[in-house]
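No experiment lies behind these values; they were computed from the predicted model shown. In this chain, numbering begins with 1 at the start of the sequence shown. Both backbone and side-chain heavy atoms feed into the values below; hydrogens, waters and symmetry mates do not.
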Amino acid sequence: MSEHLPPEALDRWADALRERFGLAAEDVPISLILDLARDVANGVARPAAPFSAFVAGLVAGRAGGSPEDVRAAVDAIVILAREWEA
């Protein structure tokens with residue numbers, strides 16, 4: 001296992017996840033999730049990033065699971081992270 005994931009490895013991993021779970025490309029918005037992780041890591045704390053990505057998926061799934069639901073959940077978390085003061 002490598003600590004540093006080159007972009008093409010991330011694309012292959014995303015493709016494997018899509019295939020395994022029957023997902024379309026728009027179901028796995030890589031840049032949106034990476035931006036979420038960055039904003040949460042910078043605004044809250046680094047360990048909060050994967051947890052927040054999980055919560056975004058959970059919230060989006062409960063809302064219906066559409067790409068729009070994912071974007072709305074991510075947007076809400078990013079706003080919260082940007083306003084966060086520990």
Side-chain angles (χ1 to χ4, degrees):
M1 182 170 84
S2 173
E3 288 187 31
H4 302 286
L5 187 65
E8 59 276 3
L10 179 57
D11 290 338
R12 287 195 319 269
W13 178 242
D15 289 342
L17 291 171
R18 288 182 189 112
E19 183 178 328
R20 171 65 174 89
F21 297 106
L23 300 169
E26 61 270 10
D27 294 329
V28 186
I30 295 172
S31 62
L32 180 69
I33 300 305
L34 292 178
D35 289 348
L36 166 68
R38 178 202 60 219
D39 291 343
V40 171
N42 290 332
V44 181
R46 194 171 181 160
F51 176 71
S52 298
F54 173 83
V55 170
L58 182 64
V59 169
R62 288 184 175 175
S66 72
E68 294 78 20
D69 295 325
V70 172
R71 171 144 319 264
V74 167
D75 288 347
I77 292 171
V78 166
I79 289 168
L80 186 61
R82 289 180 180 165
E83 296 172 349
W84 187 254
E85 294 181 31

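If you chain together hydrophobic residues whose side chains sit under 4.5 Å apart, Leu80 and Val40 never meet in one group. Residues Val44 and Phe51 fall within the same hydrophobic cluster, defined by Ile, Leu, Val, Met, Phe, Trp and Tyr side chains chained together at heavy-atom separations under 4.5 Å. In terms of hydrophobic clustering, with Ile, Leu, Val, Met, Phe, Trp and Tyr side chains grouped at heavy-atom distances under 4.5 Å, Val28 and Leu10 are assigned to a common cluster.
More than 12 heavy atoms of other shown residues, nucleotides or ligands fall within 6.0 angstrom of atom CD in Glu8.
Nearest approach of Ala56 to Leu36, heavy atoms of both residues: CB-CD2, 4.1 Å. Ala73 and Ala60 make their closest contact through CB-N, 4.1 Å (heavy atoms, listed as atom of the first residue, atom of the second, distance).
With contacts defined as side-chain heavy-atom distances shorter than 4.5 Å, the pair Ile77/Val59 does not qualify.
Not counting sequence neighbours, the partners of Glu26 by the side-chain contact (heavy atoms from CB on, under 4.5 Å) test are Ala24, Pro67. Residues that satisfy the side-chain hydrogen bond (donor to acceptor under 3.5 Å, both in side chains) test with Arg18, not counting sequence neighbours, are Asp15. With sequence neighbours excluded, the residues that form a side-chain contact (heavy atoms from CB on, under 4.5 Å) with Ala9 are Leu5, Pro6, Arg12. In this structure Arg38 satisfies the side-chain hydrogen bond (donor to acceptor under 3.5 Å, both in side chains) test together with Asp35, sequence neighbours excluded. Looking at residues two or more places apart in sequence or on another chain, you find a side-chain contact (heavy atoms from CB on, under 4.5 Å) between Phe21 and Leu17, Leu23. With sequence neighbours excluded, the residues that form a side-chain contact (heavy atoms from CB on, under 4.5 Å) with Ile33 are Pro29, Ala53, Val74.
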Ile30 vs Asp11, test: side chain to side chain contact (heavy atoms under 4.5 Å, CB included). Steps then yes/no. CA-CA 9 Å; Ile30 295 172; Asp11 290 338; 4.0 Å; yes

